[in-house]
Amino acid sequence: MAPSTTYKQDLPPEGGYRKLDFSRVPAKQLWRWWTIIPAYVASTSIAYYLWRITRTEIRTRELENNTATLAIMPLVIAEKDRALLKNLRKMRDEETELMKNVEGWETGTLFGEKIYKTQSEDEFRLPSMNEYYAQCKPEEYFKLDNFYHYH
Amino acid sequence: MVLTHDYSLPTYEELEQEEIPLSTAALKAGALHFGKSCEQENNEFVLCRQELDDPRKCLKEGKAVTNCALSFFKKVKQSCFDEFQVYATCIDQSSGSFDITKCRNTQHVFDKCMSDNLGIQRPPYDYFSKPFVYDSVRPKPLPEEPLVFSGVPKKVDESEPKTPAKYGGRNMTSFTI
């Protein structure tokens with residue numbers, strides 16, 4: 001029984017395959033000290049020149065906006081003061097109502113112990129934020145985060 | 001809360017006051033004219049607030065400021081409502097920070113209306129940023145007296161004759177054990 005076809009084995013070329021190139025190909029280096037330093041100097045100089053010719057205008061603009069803000073501050077502070085005093089009275093009444101069944105509790109103190117010892121009784125003191133929000137839900141306190149400029 | 005019942009707070013009736021129902025843009029639009037026309041009340045209130053540092057003691061001055069502002073904005077509404085409205089809308093929509101310098105055209109129209117109808121000139125752009133001296137009728141508050149504590153040790157009288165040193169010397173360097 002003779003083979004019907006002849007096969008030719010697939011072999012490497014004469015002398016073998018060519019060598020693979022493993023040598024390093026470094027990127028072209030643009031930034032050297034003789035390019036970095038002039039670029040830095042040039043960009044800084046240009047930026048400084050632009051700042052010099054516009055800084056008067058920028059500061060004038062800020063001054064004018066500050067002036068407008070300052071002009072309405074008395075109005076805003078007056079309204080804020082009234083709201084603050086209303087809230088303080090409301091919260092003191094709230095605490096009295098809440099703690100009326102607790103024996104020995106005095107409003108504004110911890111069972112008669114005051115928070116400040118040397119301050120006179122009627123001196124104005126702004127309560128801290130945690131005290132100011134003591135009768136509120138915690139969500140109300142965390143809403144302050146939305147008004148970032150009040151911190 | 002740290003407020004006791006001995007702490008005096010004004011009642012709700014004393015705090016009753018009609019507030020200005022305006023937004024920031026509208027307040028900024030009328031800011032400089034308002035500050036100029038209510039200068040007396042504003043200075044009085046701010047000085048009181050700064051000197052006494054107590055909102056309970058400056059309620060009368062604060063109400064004067066708000067009443068002056070109410071009458072001012074009512075006058076503006078009667079005379080220059082459209083100009084004011086356009087100017088406030090421009091301030092509201094021209095920037096994210098209520099920048100009044102971006103609305104010169106509408107500002108000129110508003111200023112002209114204010115000076116023609118109400119006779120209020122726009123003050124210079126840095127008018128309220130400059131320091132100035134304001135003389136109030138209210139007397140200046142006295143400075144606080146220093147606290148006096150009990151149980152403070154008596155001071156040593158230097159003129160007294162000294163007894164012989166008990167432990168070798170009176171200086172720390174010559175202290176011997």
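Letters A, B, ... are given to chains in the order of the sequence lines, protein chains preceding strands, and every chain is numbered from 1. None of the values given here were measured: they were computed from a predicted structure.
- When only modelled atom types and interatomic distance are considered, Ser129(B) and Asn66(A) share no side-chain donor-acceptor pair under 3.5 Å.
- Atom CD of Glu121(A) sits in a crowded spot, with more than 12 heavy atoms from other residues, nucleotides or ligands closer than 6.0 Å.
- In terms of heavy-atom proximity, Ile100(B) sits nearest to Asn65(A) at N-OD1, 3.0 Å.
- In terms of heavy-atom pairs under 4.5 angstrom with chain B, the leader among Thr60(A), Leu75(A), Ile77(A) is Leu75(A).
- The environment of Lys80(A) atom NZ is dense: over 12 non-hydrogen atoms of other residues, nucleotides or ligands sit within 6.0 angstrom.
- With a threshold of 4.5 angstrom between heavy atoms, Lys130(B) does not approach chain A through any atom at all.
- Ionic pairing of Glu13(B) and Arg89(A) is not present here: no N-O contact between side-chain nitrogen and carboxylate oxygen is shorter than 4.0 angstrom.
- Cluster annotation: Tyr133(A) is connected to Leu126(A) through the hydrophobic network of ILVMFWY side chains, with a link wherever side-chain heavy atoms come within less than 4.5 Å.
- Taking the side chain as every heavy atom from C-beta outward, Tyr125(B) and Thr67(A) never approach each other to under 4.5 Å.
- Phe128(B) has its side chain out of reach of Thr69(A): every pair of non-hydrogen atoms, C-beta onward, lies at least 4.5 Å apart.
- Heavy-atom pairs under 4.5 Å with chain B were tallied for Glu95(A), Lys86(A), Glu123(A); the largest tally goes to Lys86(A).
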- [ ] Kindly indicate, with the supporting measurements, whether the criterion salt bridge (Lys or Arg N to Asp or Glu O under 4.0 Å) is fulfilled by Arg125(A) and Asp53(B).
- [x] CA-CA 10 Å; Arg125(A) 54 188 97 96; Asp53(B) 195 19; over 6 Å; no

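- Of the atoms belonging to Tyr7(B), heavy atoms from both backbone and side chain fall under 4.5 Å from chain A.
- The pair Asp126(B)-Arg59(A) fails the salt-bridge criterion, with no side-chain N (NZ, NE, NH1 or NH2) lying under 4.0 Å from an Asp/Glu carboxylate O.
- Counting heavy-atom pairs under 4.5 Å between each of Leu32(B), Val46(B), Thr66(B) and chain A puts Thr66(B) at the top.
- One distance of note links CG of Leu88(A) with CG of Leu15(B); it measures 10.0 Å at 0.5 Å rounding.
- Under the 4.5 Å side-chain heavy-atom criterion for ILVMFWY residues, no single connected hydrophobic cluster contains both Ile36(A) and Trp33(A).
- Proximity to chain A (any heavy atom under 4.5 Å) is shown, for Thr11(B), by both the backbone and the side chain.
- Residue Phe98(B) touches chain A through its backbone alone, counting heavy-atom pairs closer than 4.5 Å.
- When atom types are taken as modelled, the side chain of Arg61(A) and the backbone of Asp99(B) share no donor-acceptor pair closer than 3.5 angstrom.
- Of the possible polar contacts, none joining the Thr4(B) side chain to the Thr107(A) backbone as a donor-acceptor pair under 3.5 Å is found.
- Taking each heavy atom of Ala31(B) and Ala68(A) in turn, the nearest pair found is CB-O, 3.4 Å.
- Within 6.0 Å of atom CD in Glu139(A), more than 12 heavy atoms from other residues, nucleotides or ligands are found, so the atom counts as buried in its surroundings.
- Shown here is Phe111(A), whose CZ atom has more than 12 heavy atoms of other residues, nucleotides or ligands within 6.0 Å.
- Among all heavy-atom pairs drawn from Ala71(A) and Phe34(B), the shortest one is O-CE2, 3.5 Å.
- Within a 6.0 Å radius of CG in Asp135(B), other residues, nucleotides and ligands contribute 12 heavy atoms or fewer.
- Cluster annotation: Tyr40(A) is not connected to Trp31(A) through the hydrophobic network of ILVMFWY side chains, with a link wherever side-chain heavy atoms come within less than 4.5 Å.
- With a 6.0 Å radius and a threshold of 12 heavy atoms from other residues, nucleotides or ligands, Arg52(A) has its CZ atom at or below the threshold.
- Between chain A and the residues Lys28(B), Glu14(B), Arg56(B), the largest count of heavy-atom pairs under 4.5 Å involves Arg56(B).
- Side-chain contact between Lys90(A) and Leu9(B) is absent, with no heavy-atom pair separated by less than 4.5 Å.
- Of the residues considered (Met73(A), Met91(A), Glu64(A), Glu131(A)), Glu64(A) shows the highest number of contacts with chain B, using heavy-atom pairs under 4.5 Å.
- Using a 4.5 Å heavy-atom cutoff, the side chains of Leu3(B) and Pro127(A) are not in contact.
- The pair Arg82(A)-Glu19(B) meets the salt-bridge criterion, with a side-chain N (NZ, NE, NH1 or NH2) lying under 4.0 Å from an Asp/Glu carboxylate O.
- One distance of note links OG of Ser120(A) with CG of Asp6(B); it measures 11.5 Å at 0.5 Å rounding.
- The hydrophobic cluster containing Val76(B) does not contain Val109(B), counting ILVMFWY residues as joined when their side-chain heavy atoms lie under 4.5 angstrom apart, directly or transitively.
- Interface summary for chain B: among Leu70(A), Ile115(A), Leu85(A), the most heavy-atom pairs under 4.5 angstrom belong to Leu85(A).
- Of all the heavy atoms in Ile72(A) and Leu27(B), the pair that sits closest is CG2-O, 3.7 Å.
- Enclosure of atom CZ in Arg55(A) by more than 12 non-hydrogen atoms of other residues, nucleotides or ligands within 6.0 angstrom is indicated.
- In this structure, chain A has heavy atoms under 4.5 Å from both the backbone and the side chain of Val2(B).
- Around atom CD of Glu140(A), more than 12 heavy atoms belonging to other residues, nucleotides or ligands sit under 6.0 Å away.
- Between chain A and the residues Lys57(B), Glu41(B), Gln17(B), the largest count of heavy-atom pairs under 4.5 Å involves Gln17(B).
- For Arg49(B) and Asp81(A), the salt-bridge test passes: some basic side-chain N is under 4.0 Å from an acidic carboxylate O.
- Under the 4.5 Å side-chain heavy-atom criterion for ILVMFWY residues, a single connected hydrophobic cluster contains both Met99(A) and Leu110(A).
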